[in-house]
Amino acid sequence: MDGALPLVSIVCPAFQEEDVLPIFHERLQAALKALEHRFRFEIIYVDDGSADRTLEVLKQIAHLDPTVSYLSLSRNFGHQAALTAGLEHARGDAVISMDADLQHPPAVLAELLNHWQDGYDVVITIRADDDRLPWLKRFTSSAFYWLMQQISETEIRMSASDFRLMSRKALQALLQLKEQHRFVRGMVQWLGYRVKEVPFQPDERYAGVSKYTFQRMLRLAGDGLFSFSRAPLRVPLYLSGVFLALAAVHMVLAGVAWLQSSGTTTWHYLMLVVHLGIGAVLGSLGILGEYVGRVHDQVKERPIYLLKECEMRPLAATVPAERREAA
Ligand code: UDP
Ligand code: MG
């Protein structure tokens with residue numbers, strides 16, 4: 001660490017935020033000023049291929065404030081990609097990601113940093129339910145997190161946001177995850193380490209409109225669902241169970257009809273064959289799904305494990321003391 005104070009990087013993706021950025025930067029600067037005696041800060045803005053004057057505004061801000069760096073992506077790659085670009089360029093001992101629209105209040109920064117200094121590697125924020133948001137957004141968001149909690153192999157916290165702090169260790173680990181479809185809040189949970197949760201009250205978007213259209217939200221939800229759960233692949237396997245059970249029922253009914261010579265055996269035989277056939281096809285699809293799931297895990301190439309701590313003692317210690325002296 002050069003300089004006595006730890007360096008903290010603040011990463012803010014911005015897409016068409018020309019109206020918000022000047023005021024956001026002013027408020028952020030004010031919040032950071034109050035922490036100046038404890039930390040050094042660098043701010044990294046990522047222009048996610050905006051079509052408006054976002055990049056010009058960022059250049060002006062950077063011109064006036066030497067702690068500001070900016071990246072500009074060649075086109076709009078989406079929030080999660082822009083966030084990743086910013087995180088890759090961050091040089092801090094800790095890095096904080098936050099939205100540039102003032103919904104993530106800069107006042108919370110001090111709390112995130114306190115927990116980091118208490119030894120937490122990841123400090124996530126949990127958004128309080130905001131009744132100013134449209135009901136459809138609130139409903140779909142709760143439904144999504146509920147579903148993820150039921151089927152995800154990684155615990156995804158309800159209402160987790162992309163406002164969070166990571167230590168250099170956690171960031172380095174996150175950057176080892178090279179998957180294309182990035183659901184960063186899930187990836188951070190996957191890392192493990194010591195995680196602290198901080199609740200916060202989101203503010204209203206300062207200006208402009210939400211860039212997460214319904215379609216984009218669906219895509220993000222899909223990335224979360226398919227990257228963190230194999231449950232969808234198992235659906236055919238479960239369905240095949242249902243069909244095989246129905247086949248068994250018809251087999252029993254056919255047997256009973258045969259014993260009673262009641263003459264309706266043909267119908268049950270027919271149903272038995274149909275259900276058995278469908279059950280076999282779905283079962284094979286389910287088995288295929290298991291292989292596809294494994295291939296999917298393999299191509300993601302996530303690390304097999306991550307270390308929290310490690311102390312490898314020098315091998316010299318394995319030689320008994322007498323022999324060490326003799327040598
Ligand atoms: N954003 C981005 N690229 C996109 C969409 C959004 O960098 O394609 C940024 C946006 O500028 C903001 C943050 O991601 O800083 C969150 O987006 P937004 O506020 O529109 O989403 P919401 O808060 O409504 O979920
Ligand atoms: Mg927002």
Side-chain angles (χ1 to χ4, degrees), residues 9-28 31 43-58 61 68-90 95-109 124-145 156-164 180-186 188 200-224:
S9 309
I10 313 267
V11 171
C12 308
F15 176 55
Q16 327 266 55
E17 304 285 16
E18 58 179 6
D19 297 330
V20 186
L21 279 170
I23 185 80
F24 170 79
H25 186 67
E26 205 180 296
R27 302 252 180 105
L28 179 63
I43 305 172
I44 302 179
Y45 288 109
V46 185
D47 162 36
D48 185 13
S50 306
D52 65 357
R53 294 186 58 257
T54 296
L55 181 58
E56 281 90 281
V57 173
L58 287 181
I61 292 175
V68 170
S69 307
Y70 63 86
L71 320 170
S72 180
L73 307 188
S74 62
R75 65 167 169 84
N76 179 240
F77 282 90
H79 180 205
Q80 305 290 298
L83 192 58
T84 304
L87 294 176
E88 277 184 356
H89 284 79
V95 48
I96 297 175
S97 56
M98 63 196 295
D99 290 355
D101 60 1
L102 282 170
Q103 281 187 308
H104 296 161
V108 181
L109 292 175
I124 61 172
T125 65
I126 305 292
R127 178 166 31 88
D129 195 20
D130 183 1
D131 34 66
R132 288 163 303 192
L133 285 175
W135 73 268
L136 185 65
K137 187 155 184 161
R138 282 161 56 205
F139 172 76
T140 47
S141 160
S142 326
F144 168 70
Y145 281 109
I156 311 278
R157 287 287 288 119
M158 200 78 180
S159 303
S161 71
D162 279 315
F163 183 21
R164 76 176 80 77
Q180 281 286 315
H181 293 271
R182 300 180 83 77
F183 181 65
V184 179
R185 62 197 77 160
V188 171
F200 80 101
Q201 191 70 44
D203 283 331
E204 232 159 316
R205 179 172 247 289
Y206 176 76
V209 291
S210 169
K211 310 303 179 311
Y212 267 98
T213 55
F214 193 65
Q215 200 189 354
R216 272 169 187 257
M217 278 209 334
L218 270 186
R219 207 182 311 153
L220 181 69
D223 285 346

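In each ligand, atom 1 is the first atom listed, and ligand 1 is the first ligand listed. Values below: every heavy atom of this structure, side chains too, minus hydrogens, waters and symmetry copies.
Close N/O approach between Val209 and ligand 1 is not found [any backbone or side-chain N/O within under 3.5 Å]. Looking at ligand 1, you won't find any N or O of Ala82 less than 3.5 Å from one of its N or O atoms.
With respect to Arg53 and Glu17, no salt bridge is recorded, no charged nitrogen being found less than 4.0 Å from a carboxylate O. Between Arg182 and Asp223, none of the side-chain N atoms (NZ, or NE/NH1/NH2) sits under 4.0 Å from a carboxylate O, so this pair counts as no salt bridge.
Among Glu17, Gln80, His79, Lys211, the residue whose heavy atom lies closest to atom 12 (C) of ligand 1 is Glu17. Relative to atom 4 (C) of ligand 1, the option among Leu102, Asp47, Asp48 with the closest non-hydrogen atom is Asp48.
At a cut-off of 3.5 Å, with distance as the only test, no side-chain donor of Asn76 or Gln16 sits close to an acceptor on the other residue. Checking Arg127 against Ser161 by side-chain atom types alone, no donor-acceptor pair falls below 3.5 Å.
Remark: Thr213 pairs with Gln215, Arg216 by the side chain to side chain contact (heavy atoms under 4.5 Å, CB included) rule, at least two apart or across chains.
More than 12 non-hydrogen atoms from other residues, nucleotides or ligands lie less than 6.0 angstrom from OH of Tyr212.
Using a 4.0 Å heavy-atom cutoff, Arg216 is listed among the residues neighbouring ligand 1. Ligand 1 is approached by Arg205 to a heavy-atom distance shorter than 4.0 Å.
For the Mg ion (ligand 2), protein N, O or S atoms under 2.8 Å: 2 in total.
Of the heavy atoms in Val46, none comes closer than 4.0 Å to ligand 1.
The distance from ligand 1 to the heavy atoms of Ala14 drops below 4.0 Å at these ligand atoms: 7 (O), 11 (O).
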